[in-house]
Amino acid sequence: MSDLTNRQIAAAFDELADLYELDGAIVHRVVAYRNAARAVRDAPVSVATLAQEGRATDLPGIGATLQEKVIALVQTGDIPSAVKLRARFPAGLVAITRLPGLGPKRARRLHDELGIDSPEALRAAVEGHALRDLKGFGPRAEENILTALDAATADGAGDRVLLDRALAVAEPLVAALREHPASVRVELAGSVRRMTDSVKDLDVIATARDPAALAEAVASLDFVEEVHSSGPAGARVVTHSGMKVDLKIVAPDQFGNLLQHFTGSKQHNEALRRNAVRRGLHVSEYGVLDDASGETHRCTTEAQVYALLGLEYIEPELRENRGELEAAAQGRLPRLVRERDLRGDLHCHTIASDGRNTVEEMAHAALDRGYQYLAITDHSATHGFGNDVSPEQLERQIELVAEVNARVDGIELLAGSEVNILPDGSPDYDDELLERLDWVIASVHSSFRIGERAMTERIVTAMEHPLIDAIGHLTGRMIERRAPYAVDIGRIVEAAARTGTMLEINANPNRRDLSDVHARAAADAGVPVLVNSDAHGTDTMSSVVRYGIATARRAWLERRHVANTRTWKQFAPMRKRARRRQ
DNA sequence: GCCGTTTTCGGCCCGACTGTTTTCAGTCG
């Protein structure tokens, strides 16, 4: 087995794509590397291991050549073609290709004709007016390049924001536009609609009785800071929170085409069009052109677009080119789990550790949501930060939970704990105490950098513990802030299935961990998945659930895959400790 | 470099915009 992670392999393919692009390779070869990088990043199992077994070619977009390159990377630590290309194209030149307006072709000219090899050298050349004589670079080029260089060095340039922050802007904005008398239909598009982990900007598609008035309305909303353009076709604005918003106002008979197009993803749309071409159809944001009749079909709804292509309607969360087109063609799309399907929450905190509310308050919050059961899972003995719960404190908490459970009707309260998985894989309470609990979820909160092999062993050991019912936030990632720690998801999932340990989708919008890809791998292996709030207060118990459900839906999960959609009567015997006693 | 209801070669999604052009390549989404 190799410690080379999928992320590292994907980064190597992305680098090769950049280098081949500078080298002037045909675009399709470059695209092949980028697609391969994506396939590797999405793979739920170790691609290094797959390649060494000769099975990496099973992944879409990986052929014999790229499999060989993975093997070279594993065995020698590098890829020969990358070494060769790096010698010709410095890393600074790759950085230049990332500047808006400067792609590989223009960057290459700067390098070959002026010796420019970094953004700093480029700035010096522009300021010395060295670009003026270069063919293809006119008077506007200097200005645009300086703007791009300034934007690239500015703080927070190009940052993606978490989905919850984006929705906090998007939903009031859409609501305001829907209320406006000039609007007819207003829908969010883009990655926000697909409920991705983070987003860059907002796309809104609308139809209107009075398009200019609607565009004017968005420009005058109080959360808009800056208006870049506004007219009958729509408006481009920036909010005070820095979100770019693009409102497109379209003809009613093309609303379906445009909503479909701007919802994406890019990969979904590309694959959709490739499949369509085979049927003699050409899909664009303006309609579906039929080669046979020469006619362009315009669609008022997305369902019509998909129907023209012989496909079932595909939910936005599935539009990532991960098999949804094939499934839609065969009528095999999943019936995705919904937020209202949940019957309980198996991970939350109270004032006993770092939560803000009491057991009783959390119980009432769960009742208000319509839950039948709630596990109180404060942090454990080694947690630190003043939030640790000693064995004695946990014993008192068990009694408190029992007492509140007796007092509050309509909900089953479980005395639980979120125990730390110590570096050797053991929990930080003794078995006698764990035995007295109704539910134990175990998480890694320390020693993140022990390497993939050790981390995998550590978590597998925890799953083999008979009193650990589930694993919390498996990879420890903090979206856009902290990478997941290295862990072999394939082995984890296999061990979870073997030991009867459930895996959590932590719904906190900073985490969403399991990720969509990991959750799908878990469900495919028959592992019961949980959608838990990890709430530290009564407010977040409800507000974060949509993000966990969104991840579950992006993972193709149906109600049956998510264990806490079961009633208490069905769920209780599924717990590992209950199964032991049978 | 990948891939096959056009299977081992010859294709590979679609359109807008920009700046520099005199008919379009490069870039972007």
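Per chain, numbering begins at 1; letters A, B, ... match sequence-line order.
With a 6.0 Å radius and a threshold of 12 heavy atoms from other residues, nucleotides or ligands, A:Arg193 has its CZ atom above the threshold.
Among the atoms of the strands shown, none is found under 4.0 Å from any heavy atom of A:Val31. Using a 4.0 Å heavy-atom criterion, one finds that A:Leu272 contacts no nucleic acid atom at all. Within 4.0 Å of A:Val30, counting heavy atoms only, lies no atom of the nucleic acid at all.
Taking atom CG of residue A:Asn257 and atom P of nucleotide B:dC14, one finds them 14 Å apart after rounding to whole Å. In this structure, CZ of A:Arg278 is placed 7 Å from P of B:dT5, rounded to the nearest angstrom. One atom, NZ of A:Lys69, and another, P of B:dG1, lie 5 Å apart when rounded to the nearest Å. Spacing between atom CG of A:Asp58 and atom P of B:dC2 amounts to 14 Å, rounded to whole angstrom units. Rounded to an integer number of Å, the gap from CG of A:Leu59 to P of B:dG1 is 18 Å. To the nearest angstrom, P of B:dC14 lies 13 Å from CD of A:Gln260. The distance between atom CG of A:Leu309 and atom P of B:dC14, rounded to the nearest whole Å, is 12 Å. Rounding to whole angstrom units, NZ of residue A:Lys135 and C1' of B:dG19 are separated by 13 Å.
Between the side chains of A:Glu127 and A:His129, not a single donor N or O lies within less than 3.5 Å of an accepting N or O.
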Heavy atoms under 4.0 Å is the rule here; annotate nucleotides 22-29 of chain B 5' to 3' with B where the base is hit, S where only the sugar-phosphate is, and - elsewhere.
-> ----SSS-
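Taking atom C1' on both B:dG26 and B:dT20, the two are 11 Å apart, rounded to the nearest angstrom. Taking the C1' atoms as reference points, B:dC17 lies 24 Å from B:dC12, given to the whole Å. Between the P atoms of B:dC28 and B:dT22, the separation comes to 23 Å (whole Å). Taking atom P in both B:dA16 and B:dG10, one finds a spacing of 32 Å when rounded to whole Å. Between B:dT7 and B:dC3, the distance separating the two C1' atoms is 8 Å to the nearest Å. For the P atoms, the distance from B:dC14 to B:dT21 is 30 Å, rounded to whole Å.
No option in A:Arg554, A:Arg481, A:Arg477, A:Arg511 other than A:Arg477 meets the salt bridge (charged side-chain N to carboxylate O under 4.0 Å, His left out) test with A:Asp197.
The partner of B:dT8, taking Watson-Crick or G-U wobble pairs whose two distances both stay under 3.5 Å, does not exist in any strand shown.
For A:Gly138 and A:Ser284, each mapped to the nucleotide of DNA chain B holding its nearest heavy atom, the one lying further toward the 5' end belongs to A:Ser284. Between A:Phe137 and A:Arg274, the residue whose closest nucleotide on DNA chain B is further toward the 5' end is A:Arg274.
Here the CG atom belonging to A:Leu557 is positioned 9.5 Å from the OG1 atom belonging to A:Thr551, to the nearest 0.5 angstrom.
Checked against B:dG1, B:dC12, B:dT21, the side chain of A:Arg29 finds its nearest nucleotide in B:dG1. With distances taken from any side-chain atom of A:Ala141 to the nucleotides B:dG1, B:dC14, B:dT20, the minimum falls on B:dT20. When distances run from any side-chain atom of A:His282 to the nucleotides B:dC14, B:dG1, B:dT6, the shortest one goes to B:dC14.
For B:dG19, the OP1/OP2 oxygens have a side-chain nitrogen or oxygen of A:Arg140 closer than 4.0 Å. When the side-chain nitrogen and oxygen atoms of A:Asn144 are compared with OP1 and OP2 of B:dG19, one or more of them lie within a distance under 4.0 Å. Taking only side-chain nitrogens and oxygens, A:Tyr286 comes nearer than 4.0 Å to OP1 or OP2 of B:dA16.
When all heavy atoms of A:Leu333 and A:Glu324 are compared, the pair lying nearest together is CD2-O, 3.7 Å.
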Can you list the steps and then say if A:Val238 with A:Val224 is a side chain to side chain contact (heavy atoms under 4.5 Å, CB included)?
-> CA-CA 6 Å; A:Val238 180; A:Val224 168; over 6 Å; no
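Between A:Arg298 and A:Asp253 there is a salt bridge, with a side-chain nitrogen of the basic residue lying less than 4.0 Å from a carboxylate oxygen of the acidic one.
Side-chain contact between A:Glu142 and A:Leu146 is absent, with no heavy atoms from C-beta onward closer than 4.5 Å.
Relative to the ring axis of A:Tyr20, A:Arg29 places its NZ or CZ within 45° and under 6.0 Å from the centre.
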